Protein chains: 2
Amino acid sequence: MLSKKTKYGLKALTYLASKPKNEPVQIAEIAEHENISQKFLETILLSLRKTGFLGSKKGKGGGYYLIKDPSDIKMTSVIRILEGPIAMIPCVSLNFYEKCDDCPDENKCSVHKLMIQVRDSALKVYGQTTLSDLIG
Amino acid sequence: MLSKKTKYGLKALTYLASKPKNEPVQIAEIAEHENISQKFLETILLSLRKTGFLGSKKGKGGGYYLIKDPSDIKMTSVIRILEGPIAMIPCVSLNFYEKCDDCPDENKCSVHKLMIQVRDSALKVYGQTTLSDLIG
DNA sequence: TGATTACTCTAGTAAACCTATAGGATAATA
DNA sequence: TATTATCCTATAGGTTTACTAGAGTAATCA
């Protein structure tokens, strides 16, 4: 399941992408337009800023804005930041790999085999989709 | 993330599929072979029996066995029983649809748009994979 | 019949995770 | 200096996950 965090984060990014570049948009405006709890959105936007997607400006006329061009923001990186691994199980994760306790041999594991295919199919979608594809 | 329940269930099904048909295999044997807590596996196999994948026999020489041919068991149905929806968000789920509270218009939602693609790509994998593809 | 075996079923629980919310600190602007 | 808006940490409260306990039921075999 996609967390609310990821969902809200994506919506906020899309909203920001629809605005003129480098024009700060206030949290309150995004929250209201997308029906998101403002306080919750604060923490989400903060993490998107710390990971290099957003810039911010404090004080009057401040807000958040996209740093990169929407067509340069791939879903793979957004999802990994907000949601975590794209793989459904750590033993097939490219960026968050972890061995299974119970598996003596990954290469013989049926779940492993299946989940590699699922991962690759998701990766294909996320890899060819950028923020600019989500607008409009 | 794939739950342990689904992972263990898939492993158990694969193990059963590798055995001669209609020969009951005890929970204890599956649990030991796949390194799964026996008590936990009990509840998983029970739910697979109740949903028509497995048959069971009580008493000495009893156990669980596959009812259908492995090539007739599609991953779509196994996953839906064990894990729940294949979609990552209820508003794009075919079998577990639910409207989002915050979305006034699904068709204009960027998350909706993206998640339909992800759902379809997962569905393609699960739809063309059967239990027999996972053996060996 | 009675002992053993093995599945059936209901509850309970500890830990982890999710979805916020609170409240003060910090910085920019006017 | 007053106002605006982000920054940051902590924590509350609910839900889900991953088991575990223990008693019940049915089948087999001596």
Side-chain angles (χ1 to χ4, degrees), chain A residues 1-12 16 22-32 34-67 82-85 88-90 96 98 100-102 111, chain B residues 1-12 16 22-32 34-51 53-67 82-85 88-90 96 98 100-102:
Chain A
M1 275 290 154
L2 203 73
S3 65
K4 296 264 163 91
K5 183 183 173 188
T6 304
K7 182 184 170 190
Y8 295 161
L10 276 171
K11 283 190 161 193
L16 287 173
N22 295 331
E23 181 192 295
V25 182
Q26 293 163 34
I27 298 178
E29 180 183 334
I30 307 174
E32 191 184 8
E34 300 294 339
N35 296 306
I36 304 171
S37 144
Q38 178 168 343
K39 269 297 192 183
F40 191 26
L41 185 58
E42 265 186 45
T43 68
I44 297 168
L45 295 183
L46 198 58
S47 84
L48 286 171
R49 184 187 63 82
K50 287 186 176 172
T51 48
F53 293 96
L54 301 178
S56 67
K57 241 186 122 176
K58 288 184 181 180
K60 189 164 189 179
Y64 282 99
Y65 51 91
L66 277 182
I67 283 183
L82 293 173
E83 188 75 7
M88 291 191 70
I89 193 167
F96 301 83
E98 228 173 301
C100 292
D101 289 336
D102 53 308
V111 179
Chain B
M1 275 290 154
L2 201 73
S3 65
K4 294 268 161 88
K5 183 183 174 189
T6 303
K7 181 184 170 190
Y8 295 162
L10 276 171
K11 283 190 163 196
L16 287 174
N22 294 330
E23 179 193 295
V25 182
Q26 293 163 35
I27 298 177
E29 180 184 333
I30 307 173
E32 191 184 10
E34 301 294 339
N35 296 306
I36 304 170
S37 144
Q38 177 168 343
K39 267 299 192 183
F40 191 26
L41 185 57
E42 275 183 26
T43 67
I44 297 167
L45 295 183
L46 199 58
S47 84
L48 287 171
R49 184 186 64 83
K50 287 186 176 172
T51 47
F53 292 96
L54 300 179
S56 68
K57 236 185 126 178
K58 287 186 182 179
K60 191 166 189 181
Y64 282 100
Y65 50 91
L66 277 181
I67 282 183
L82 292 173
E83 189 76 7
M88 289 191 73
I89 193 166
F96 302 82
E98 228 173 298
C100 292
D101 290 334
D102 52 308

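Note that this is a predicted model, so its numbers are computed, not measured. So that the names make sense, note that chain A is the first sequence line, chain B the second, and so on, each numbered from 1.
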Problem set entry | Within 6.0 angstrom of B:Q38 CD, more than 12 heavy atoms from elsewhere |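 Atom CD in B:Q38 is packed in, count exceeds 12.
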Problem set entry | Start and end of chain A contact along DNA chain C [non-hydrogen atoms, under 4.0 Å] |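 Result: C:dT19 to C:dT29.
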Exercise. Within the structure shown, what part of the strands sits under 4.0 Å from A:K7 by heavy-atom distance: base, sugar-phosphate, or nothing?
Worked result: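 If one applies the 4.0 Å heavy-atom cut-off, A:K7 turns out to touch nothing in the nucleic acid.
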Exercise. Hey, does B:I27 reach any base, or is it just sugar-phosphate, or nothing, if we go heavy atoms under 4.0 Å?
Worked result: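 Sugar-phosphate contact only - B:I27 comes under 4.0 Å of backbone atoms but never of a base.
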Among [options], find the nucleotide with the atom closest to the side chain of [X].
| X | options | value |
| --- | --- | --- |
| A:R49 | D:dT20, D:dT6, D:dC8 | D:dC8 |
| B:S37 | D:dC8, D:dT6, D:dT20 | D:dT20 |
| A:K39 | D:dT25, D:dT20, D:dC8 | D:dC8 |

Exercise. Starting at the 5' end of DNA chain D, which residue's closest nucleotide do you reach first, B:E83 or B:E42?
Worked result: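 Here B:E83 is the residue nearer the 5' end.
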For this session: With side chain to side chain contact (heavy atoms under 4.5 Å, CB included) as the test, would you mind laying out the steps for B:I67 and B:L54 before giving the verdict?
Result: CA-CA 5 Å; B:I67 282 183; B:L54 300 179; 5.6 Å; no
Exercise. So, for B:L16 and B:Y64, which heavy atoms are closest and what is the spacing to 0.1 Å?
Worked result: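 Here B:L16 and B:Y64 meet closest at CD2-O, 3.5 Å.
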For this session: Could you give me the CA-CA distance, side-chain angles and deciding distance for A:S3 and A:L82, then say whether side chain to side chain contact (heavy atoms under 4.5 Å, CB included) is met?
Result: CA-CA 9 Å; A:S3 65; A:L82 293 173; over 6 Å; no
For this session: Applying side chain to side chain contact (heavy atoms under 4.5 Å, CB included), run through A:E34 and B:D102 and close with a yes or a no.
Result: CA-CA 7 Å; A:E34 300 294 339; B:D102 52 308; over 6 Å; no
Would you kindly give the [atom1]-to-[atom2] distance between [X] and [N], to the nearest whole Å?
| X | N | atom1 | atom2 | result |
| --- | --- | --- | --- | --- |
| B:K11 | D:dA18 | NZ | P | 14 Å |
| B:K58 | D:dG24 | NZ | P | 14 Å |
| B:L2 | D:dT16 | CG | P | 17 Å |
| A:D102 | D:dA18 | CG | P | 12 Å |

For this session: Keeping to residues at least two apart or across chains, list the salt bridge (charged side-chain N to carboxylate O under 4.0 Å, His left out) pairs with something in residues 49-65 of chain A.
Result: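 As it turns out, there is no salt bridge (charged side-chain N to carboxylate O under 4.0 Å, His left out) pair with a partner in residues 49-65 of chain A once direct neighbours are skipped.
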Exercise. Which sits closer to the 5' end of DNA chain C, A:G59 or A:Y8, going by the nucleotide each is nearest to?
Worked result: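 Result of the comparison: A:Y8.
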Problem set entry | Working for side chain to side chain contact (heavy atoms under 4.5 Å, CB included), residues B:D101 and A:N35 | CA-CA 9 Å; B:D101 290 334; A:N35 296 306; over 6 Å; no
